[in-house]
Amino acid sequence: MLEIEVEGSGIVDVVVRGELDMHHAPSFRSTVASVLNRGDVTAVELDLTAVEVLDAAGAGTVIVAHRIAINLRVSMRVCAASALATQILTLLGAADLLPGERSANVEWSARRQAAARQAMRR
């Protein structure tokens, strides 16, 4: 089973719980596509802390969603991840999506603050 919770405007939090596998990846893909196509989104923070199952199809969907977000000029980053999700994304060469180095977190925080200021001006 997969549960996806979406909250926010401008900076959108997406919390994923359960099994992000070949059976549930299409649901995740659809949800993220809807978020990215809303028009008011400047950043997406993906929380994978409660992901219990992650296979190649699920991880691939996360990676492709990130690439689509970049093309749409939307920041997307995994803000938190389970040990399993961290290990699999790292093995697939997608460690840059994960929270980690202080410099990357400082850069992400600065982008988030800039997006929040921009959203408040509207």
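Starting from 1, each residue takes its place in the sequence as its number.
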Would you confirm whether Arg38, through its side chain, and Ala33, through its main-chain N or O, come within 3.5 Å as a donor-acceptor pair?
no
Between Thr49 and Ser82, the two heavy atoms sitting closest are O-CB, 3.3 Å
Does Val15 belong to the same Ile/Leu/Val/Met/Phe/Trp/Tyr cluster as Val41, with side-chain heavy atoms less than 4.5 Å apart forming each link?
no
Hey, are Glu5 and Arg17 close enough for a salt bridge, meaning a charged N less than 4.0 Å from a carboxylate O?
yes
Does any non-hydrogen side-chain atom of Thr42 lie less than 4.5 Å from one of Ser75?
no
Glu52 CD to Met1 CE distance, which is reported to the nearest 0.5 Å:
11.5 Å
Look at the side chain of Thr61 and the backbone N and O of Arg29, then say whether any donor-acceptor pair between them is shorter than 3.5 Å.
no
Is the closest side-chain heavy-atom distance between Val32 and Val44 below 4.5 Å?
no
Glu45 side chain to Asp13 main-chain N or O, any donor-acceptor pair under 3.5 Å?
no
Going by heavy atoms in the side chains, are Val12 and Val6 under 4.5 Å from each other?
yes
If you compare all heavy atoms of Ala57 against all heavy atoms of Ala25, which two are closest, and at what distance to 0.1 Å?
O-CB, 4.0 Å
Would you find a donor on one side and an acceptor on the other, under 3.5 Å apart, between the side chain of Asp21 and the backbone of Leu54?
no
What's the shortest heavy-atom distance between His66 and Met76, and which atoms?
CD2-O, 3.1 Å
Given side chains that start at C-beta, do those of Leu48 and Leu89 come closer than 4.5 Å, heavy atoms only?
yes
Verdict with reasoning, Leu20 to Val53, per side chain to side chain contact (heavy atoms under 4.5 Å, CB included)
CA-CA 6 Å; Leu20 184 50; Val53 174; over 6 Å; no
Scanning both residues in full, the closest heavy-atom pair of Pro99 with Cys79 reads CG-O, 3.5 Å
Report whether Met22 and Val16 are members of the same hydrophobic cluster (ILVMFWY, side-chain heavy atoms less than 4.5 Å apart, transitive linking).
no
If you look at every heavy atom in Leu98 and Thr90, which pair is closest and at what distance?
CD1-OG1, 3.4 Å
Please lay out, stage by stage, how Val64 and Val62 fare under the test side chain to side chain contact (heavy atoms under 4.5 Å, CB included).
CA-CA 6 Å; Val64 169; Val62 171; over 6 Å; no
Quick one: do Val14 and Asp47 satisfy side chain to side chain contact (heavy atoms under 4.5 Å, CB included)? Show the steps, please.
CA-CA 6 Å; Val14 177; Asp47 183 342; over 6 Å; no
Heavy-atom side-chain proximity of Ile68 to Ile70 below 4.5 angstrom
no
Any idea which heavy atoms bring Leu46 and Phe28 closest together, and the distance?
CD1-CE1, 3.9 Å
